[in-house]
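Heads up, the thing below is written out as structure tokens.
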Amino acid sequence: MTKTIVVKIGTSSLTQPETGQLALSTIATLAETLSDLRRQGHQVILVSSGAVGVGCARLGLTERPKAIALKQAVAAVGQGRLMRVYDDLFTTLQQPIAQVLLTRSDLVQRSRYLNIYNTFRELLGLGVIPVVNENDTVAVDELKFGDNDTLSALVASLVEADWLFLLTDVDRLYSADPRSVPDAQPIALVSSIKELAELQIQTGAQGSQWGTGGMVTKISAARIAIAAGVRTVITQGRYPRNIEKIIAGEAIGTHFEPQPEPTSARKRWIAYGLVPMGKLYLDAGAIAAISQSGKSLLAAGIKAVEGEFDTQEAVQLCDREGNEIARGLVNYNSEELQKIRGCHSREIPQILGYGGAETVVHRDNLVLT
Ligand SMILES: Nc1ncnc2c1ncn2[C@@H]1O[C@H](COP(=O)(O)OP(=O)(O)O)[C@@H](O)[C@H]1O
Ligand SMILES: N[C@@H](CCC(=O)OP(=O)(O)O)C(=O)O
């Protein structure tokens, strides 16, 4: 049966750790594997990092730049080279590819989000493998995916993929970073988001020298993907052929089982496409109402309001400590909410001088995260 497969490969797998030069044999095997999957009838998307790493190698820089402008310039050098290498390899295998560069702001506007969806669908329908990366050269800090693990999960969610493979430089997820904790325990299967929380995985501070997110961004990517119904696997990038074995049922890497009832596409856009502009701190009653009873959020349950936002923008709904429980689109702006927080809905017209929605976040626009 045709499957939609998203494969994300990180800088640590695409480049050689000692020199920063491209790991050509890995990239060639990856191109062969993905072309074979296409020939078997599957739809394939590659999310590839490496623009900054390859740009550095090209320019003789020995470490990842920290200054934003330099990083953006280096990415512009590297992205072109990276695509050249991919196109040479895939062309040899008679597999057409396309470059898709995205920024976070492309997902925020619903019309652009749907446009990207349509473009992916066309490309996949044409038998093309889209090669996706963040458009590092134009991305601004506030509107950044920041790491391609998150980007790949959002792409997998957008196209409603069957599989997301996060290829990295360790063979699977461990209870702690195996580089610094030698007796860290390997994890083969995570069967639910709840189990993921219970495992209390230690991820250390950072990833490898060239990677950006480390394991922490892979775990949050897995969380996004499984909520969208995408089976997610963390496995070693050095052996791309394992992708076929895993699809055939071999227990390689760490598997995250998809949630049986995926969140709807619109709610996924609210939760992960939009950038939250503020925070609402809720009391215990409101938390129970939204998380256990599936109710809308009323003004009475809001203890505090943080940030400046407009009506219909996304906000985080948090407990008293600021831990996020849900996200939603607000029916009131931040100024109005400062006035009506803690009040009964029937008092709203009197306080504001005009009538408004009965709910602050309607349950149709509210998604537990
Ligand atoms: N719990 C963990 N299990 C496995 N690896 C971990 C864990 N915590 C941290 N890591 C580190 O994460 C690194 C991979 O992240 P990163 O360098 O960002 O890779 P990539 O470039 O593939 O995105 C590994 O090299 C490993 O040292
Ligand atoms: N967009 C950046 C990659 C950012 C990133 O997530 O890197 P990595 O942790 O190696 O997957 C680049 O192409 O260099």
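- Using a 4.5 Å cut-off between side-chain heavy atoms of Ile, Leu, Val, Met, Phe, Trp and Tyr, with links allowed through other members, I193 and L164 fall into the same hydrophobic cluster.
- Each of I9 and L154 belongs to its own hydrophobic cluster when Ile, Leu, Val, Met, Phe, Trp and Tyr are linked at side-chain heavy-atom distances under 4.5 angstrom.
- In plain terms, the two heavy atoms of V6 and A161 that are nearest each other are CG2-CB, 3.8 Å.
- Looking at Q316, K303, E306, E321 one by one, the single match for side chain to side chain donor-acceptor pair (under 3.5 Å) with Y281 turns out to be E306.
- K279 NZ: more than 12 foreign heavy atoms inside a 6.0 Å radius.
- Enclosure of atom CD in E324 by more than 12 non-hydrogen atoms of other residues, nucleotides or ligands within 6.0 angstrom is indicated.
- No donor-acceptor pair under 3.5 Å is formed between the side chain of T91 and the backbone N or O of D88.
- Scanning all heavy atoms of the two residues, the minimum distance from A75 to V52 falls at CB-CG2, 4.0 Å.
- Within the 3.5 Å criterion, the main-chain N or O of L173 finds a donor-acceptor partner in the side chain of T254.
- Taking the six-membered ring where tryptophan is involved, the planes of H255 and W163 are perpendicular, since the angle between them exceeds 60° and thus also 30°.
- Taking all atoms of both residues into account, the shortest heavy-atom contact from G273 to R104 is O-NH2, 3.2 Å.
- Remark: side-chain polar atoms of S13 are paired, donor with acceptor, to backbone N or O of T168 under 3.5 angstrom.
- Residue F165 is not grouped with residue F120 when hydrophobic side chains (ILVMFWY) are merged at heavy-atom distances under 4.5 angstrom, including chains of intermediate members.
- Counting only distance, with no hydrogens or angles, the side chain of S345 and the backbone of E358 share a donor-acceptor pair below 3.5 Å.
- In this structure, the side chain of T19 engages the main chain of Q21 through a donor-acceptor pair within 3.5 Å.
- Between the CZ atom in R112 and the OG atom in S105 there is a gap of 5.0 Å [rounded to 0.5 Å].
- Looking at E134, its side chain never comes within 3.5 Å of a backbone N or O of L102 through a donor-acceptor pair.
- Other residues, nucleotides and ligands contribute over 12 non-hydrogen atoms within 6.0 Å of the CD atom of E347.
- Atom CZ of R39 sits in a crowded spot, with more than 12 heavy atoms from other residues, nucleotides or ligands closer than 6.0 Å.
- There is a side-chain donor-acceptor pair under 3.5 Å between T103 and D106.
- Counting heavy atoms of neighbouring residues, nucleotides and ligands inside a 6.0 Å radius, atom CD of E198 exceeds 12 of them.
- Taking 4.5 Å as the limit, some side-chain heavy atom of V7 sits within range of a side-chain heavy atom of L30.
- Taking 4.0 Å as the cut-off between side-chain N and carboxylate O, K8 and D147 do not count as a salt-bridged pair.
- To the nearest 0.5 angstrom, R121 atom CZ is 13.0 Å from L114 atom CG.
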Original post:
What do the steps show when you test Y174 against V181 for side-chain contact (heavy atoms from CB on, under 4.5 Å), and what is the final call?
Top reply: CA-CA 10 Å; Y174 286 79; V181 184; over 6 Å; no
Original post:
Would K218 and M215 count as a side-chain contact (heavy atoms from CB on, under 4.5 Å) if you check the C-alpha gap in whole Å, the side-chain angles of each, and the deciding distance to 0.1 Å?
Top reply: CA-CA 5 Å; K218 287 172 193 42; M215 211 32 79; 3.7 Å; yes
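- F90 CZ to I27 CD1: the interatomic distance, rounded to the nearest 0.5 Å, is 10.0 Å.
- Interatomic distance, CG of D283 versus CZ of R341, reported as 12.0 Å (0.5 Å rounding).
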Atom pairs and distances, side-chain donor-acceptor, residues 222-240, under 3.5 Å, sequence neighbours left out:
{"from": "R231", "atom 1": "NH2", "to": "E257", "atom 2": "OE1", "distance (Å)": "3.1"}
{"from": "T232", "atom 1": "OG1", "to": "V230", "atom 2": "O", "distance (Å)": "3.2"}

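- Counting only distance, with no hydrogens or angles, the side chain of N148 and the backbone of L151 share no donor-acceptor pair below 3.5 Å.
- Checked by atom type and distance alone, the side chain of R81 never pairs as donor or acceptor with a backbone atom of A51 at under 3.5 Å.
- Within the 4.5 Å cutoff, side-chain heavy atoms of P130 are placed close to those of L124.
- In this structure, CG in L34 is found 9.0 Å from CD in E244, a value given to the nearest 0.5 Å.
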**OP:** Show your working on side-chain contact (heavy atoms from CB on, under 4.5 Å) between Q109 and N115 and close with a plain yes or no.
**Re:** CA-CA 10 Å; Q109 215 181 322; N115 222 18; over 6 Å; no
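- Transitive grouping of hydrophobic side chains (ILVMFWY, heavy atoms separated by less than 4.5 Å) keeps V100 and V44 in distinct clusters.
- Contact of the L126 side chain with the P96 side chain is not registered, since no non-hydrogen atoms from C-beta on lie closer than 4.5 Å.
- Checked by atom type, the side-chain pair Y272/S157 shows no donor-acceptor distance below 3.5 Å.
- Note: the hydrophobic cluster containing F145 also contains I219 (ILVMFWY, side chain heavy atoms under 4.5 Å, direct or indirect links).
- When all heavy atoms of T311 and N331 are compared, the pair lying nearest together is CG2-O, 3.4 Å.
- Considering OG1 of T4 and CD of E160, their distance stands at 9.5 Å, rounded to 0.5 Å.
- Considering every non-hydrogen atom in both K267 and T263, the closest pair reads CB-CG2, 3.6 Å.
- A donor-acceptor pair is defined here as one N or O able to donate and one able to accept, closer than 3.5 Å; such a pair exists between the side chain of Q16 and the backbone of L22.
- Residues T137 and Q79 fail the side-chain proximity criterion, which asks for heavy atoms closer than 4.5 Å.
- Under a 3.5 Å cut-off, the side chain of R327 and the backbone N or O of A271 do form a donor-acceptor pair.
- The number of heavy atoms from other shown groups lying within 6.0 Å of CD (E195) is above 12.
- With side-chain heavy atoms closer than 4.5 Å counting as contact, directly or through intermediates, the hydrophobic cluster containing V315 also holds M277, L280, L282, I287, I290, L297, I302, V305, F309, L317, I325, V330, Y332, L337, I340, I348, I351, L352, Y354, V360, V361, L366, L368.
- Contact check for L46 versus I97: no side-chain heavy atoms found under the 4.5 Å cut-off.
- Of all heavy-atom pairs between L82 and G50, the closest is CD2-C, 4.0 Å.
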Subject >> I247/L37 under side-chain contact (heavy atoms from CB on, under 4.5 Å): CA gap, chis, key distance, verdict >> reply: CA-CA 10 Å; I247 293 172; L37 289 170; 4.0 Å; yes
